[in-house]
Amino acid sequence: MTRQRIGPLLVGRRIRSVATTRPSYFFLTRPEVLRRGLVGRTVSALDRRGKYLVARLDDDARLVLHLGMTGQLFSGQATSPRLLSASARGALSPEAQRGFRPDAHTHLRLAFDDRGPEVCLRDVRKFGKVLLLRSGEEHPRLLRLGVDALALDARTLFAASRGRRVATKALLLDQSIVTGIGNIYADEALFRARLRPTHRAGSLTRRDCEALADAVRSVLHRSIETGGSSIRDYVAPDGADGAFQDERNVYARTGAECHVCGGRIRRVVVSQRSTHFCPKCQK
DNA sequence: ATTCCAACCTGATAGC
DNA sequence: TGCTATCAGGTTGGAA
């Protein structure tokens, strides 16, 4: 979703200047190194590897971005209340709240020769990452990644789950097996496949893996179609909210009625992630 | 080799 | 009002 929509704002444009915040955990490449490597470069393509966005530059370097949990990648012209924390918003006039203004959480801003809209990366919790890879350079974070979630097939899932005692959900969240599934989509896919998140991965049948692989792909495709899940922080690059949150069956619906059987959605913790399921539909 | 768990951060919200 | 505890679309590295 983000790749599709931020692509036109990056590809073919020459970077004129780069603004960053102070060095931190967030920058795998130090800000000044990042600036030196980016200024004057033209973005030639934008790819995705799991949850990583990879912008290819005209000198064959790659700018790698991860949005973590609260990362937002958007046009400097975007408008959304989500681009400002509530406390900061309260201090502003209704007028000033309209447009985006870079704040302390806006860690990266790219301006371009064409003087068009900037591309901004904001991340309150700094769980996101920015990394510049020189031509031919690699990074373990990318090398480790498994098959893309949109291309997940039953055979891969079945093979990867053999001998594993971990919960099925833990397997789905393991990016070295399948890359691109986050907490929401793991829960939603498991619901769709009618599988219990806590079920041991090793005892999934071939048929289970088929249902689960299908569910993963269709849930993600549907989320892309509907523009993502704007539950707390997520905004599309133009500031628009996604709509997938309206199609959730289980995620963050603890205590609510199951859309299928009317039972109550339950919440448990699996591999330190909050996990939601319908006890009746998911055996 | 696999599984578990704390750590990295900041903000919103619920409850007292 | 204010304080405290809990929760939040993720990943790593090291201990068990």
Side-chain angles (χ1 to χ4, degrees), chain A residues 1-3 21-28 48-53 64-74 81-91 103-107 121-131 139-146 149 160-190 198 200-202 216 219-220 222-224 226-236 241-248 250-255 267-276:
Chain A
M1 229 294 302
T2 302
R3 188 195 63 81
T21 50
R22 311 261 64 199
S24 72
Y25 186 76
F26 182 79
F27 292 101
L28 293 181
R48 183 184 60 76
R49 272 293 283 141
K51 301 179 190 174
Y52 292 86
L53 286 171
V64 180
L65 307 176
H66 193 293
L67 299 184
M69 294 178 94
T70 53
Q72 302 167 315
L73 185 64
F74 54 96
R82 297 185 200 274
L83 297 175
L84 216 51
S85 53
S87 47
R89 209 158 48 235
D103 61 0
H105 304 304
T106 309
H107 301 298
L121 177 48
R122 184 174 183 270
D123 185 358
V124 169
R125 288 178 76 182
K126 289 192 242 180
F127 286 174
K129 291 287 169 278
V130 182
L131 167 70
H139 193 280
R141 279 182 180 252
L142 294 178
L143 293 174
R144 258 198 291 270
L145 301 177
S161 58
R162 294 310 88 186
R164 299 294 302 269
R165 304 182 61 86
V166 287
T168 304
K169 174 163 173 179
L171 199 81
L172 289 184
L173 290 177
D174 184 340
Q175 304 293 305
S176 68
I177 296 170
V178 196
T179 181
I181 305 176
N183 203 32
I184 295 177
Y185 302 110
D187 282 3
E188 295 300 324
L190 285 160
T198 49
R200 269 178 45 181
V216 164
V219 161
L220 288 174
R222 185 63 192 147
S223 183
I224 292 167
T226 55
S229 305
S230 293
I231 294 170
R232 310 174 65 79
D233 306 298
Y234 177 75
V235 289
D241 278 1
F244 187 78
Q245 65 278 7
D246 303 332
E247 300 191 11
R248 278 173 301 161
V250 286
Y251 182 80
R253 293 194 66 243
T254 311
R267 175 186 181 275
V268 295
V269 173
V270 177
S271 46
Q272 303 136 256
R273 306 304 301 279
S274 151
T275 297
H276 314 77

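Chain letters run A, B, ... following the sequence lines, proteins first and then strands; every chain starts at 1.
Comparing B:dT10, C:dG10, B:dA12 against the side chain of A:K126 picks out B:dT10 as the nearest. Of the candidate nucleotides C:dT12, B:dC8, C:dA8, C:dT12 has the atom nearest to the side chain of A:R141. Distance from the side chain of A:M69 is smallest for C:dA8 among the nucleotides B:dC8, C:dA8, B:dG11. With distances taken from any side-chain atom of A:Q272 to the nucleotides C:dG10, B:dT10, B:dC5, the minimum falls on B:dC5. The side chain of A:S85 approaches B:dA12 more closely than any other nucleotide in the set C:dC7, B:dA12, C:dT12. With distances taken from any side-chain atom of A:V166 to the nucleotides B:dT3, B:dT10, C:dC7, the minimum falls on B:dT3.
Dashed line: the shortest gap from a side-chain N or O of A:H66 to OP1 or OP2 of C:dT11 is under 4.0 Å. The side chain of A:R273 places no N or O atom within less than 4.0 Å of a non-bridging phosphate oxygen (OP1 or OP2) of C:dC7. Between C:dT11 and A:K51, a contact under 4.0 Å exists linking OP1 or OP2 to a side-chain N or O. In terms of phosphate contacts, A:S274 brings a side-chain nitrogen or oxygen within less than 4.0 Å of OP1 or OP2 of C:dA8.
Counting only distance, with no hydrogens or angles, the side chain of A:E188 and the backbone of A:N183 share no donor-acceptor pair below 3.5 Å. Put simply, the side chain of A:Q72 gets close to the backbone of A:R82: a donor and an acceptor are under 3.5 Å apart.
Look at A:F127 and the base of C:dT11; the rings do not stack under the cut-offs of 5.5 Å between centres and 30° between planes.
Relative orientation of the A:F244 and A:Y185 rings is tilted, given thresholds of 30° and 60° on the angle between their planes. Using the six-membered ring where Trp is involved, A:H66 and A:Y52 have ring planes that are perpendicular, over 60° apart on the 30 and 60° scheme.
Scanning residues 167-187 of chain A for heavy-atom distances under 4.0 Å to DNA chain C yields A:Q175, A:G182, A:N183, A:I184.
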Inset, instruction - Using a 3.5 Å limit on both pairing distances, list the dot-bracket string of DNA chain B from the 5' end; Watson-Crick and G-U wobble pairs count, crossing pairs take [ ], interstrand pairs take |. - result: .|||||||.|||||||

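Mapping A:P140 and A:T70 onto DNA chain C by nearest heavy atom places A:T70 closer to the 5' end of the strand. Taking the nucleotide of DNA chain B with the nearest heavy atom to each of A:R125 and A:R164, the more 5' of the two is matched to A:R164.
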Inset, instruction - Report the C-alpha distance between A:L83 and A:T106 in whole Å, list the side-chain angles of each, state the deciding distance to 0.1 Å, and finish with yes or no for side chain to side chain contact (heavy atoms under 4.5 Å, CB included). - result: CA-CA 9 Å; A:L83 297 175; A:T106 309; over 6 Å; no

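The residues A:R248 and A:D187 are annotated as not salt-bridged, no charged nitrogen and carboxylate oxygen being separated by less than 4.0 angstrom.
Whole-Å rounding puts the A:Q72 CD to B:dT10 C1' distance at 13 Å. As rounded to whole Å, 12 Å separates atom P of C:dT12 from atom CG of A:L131.
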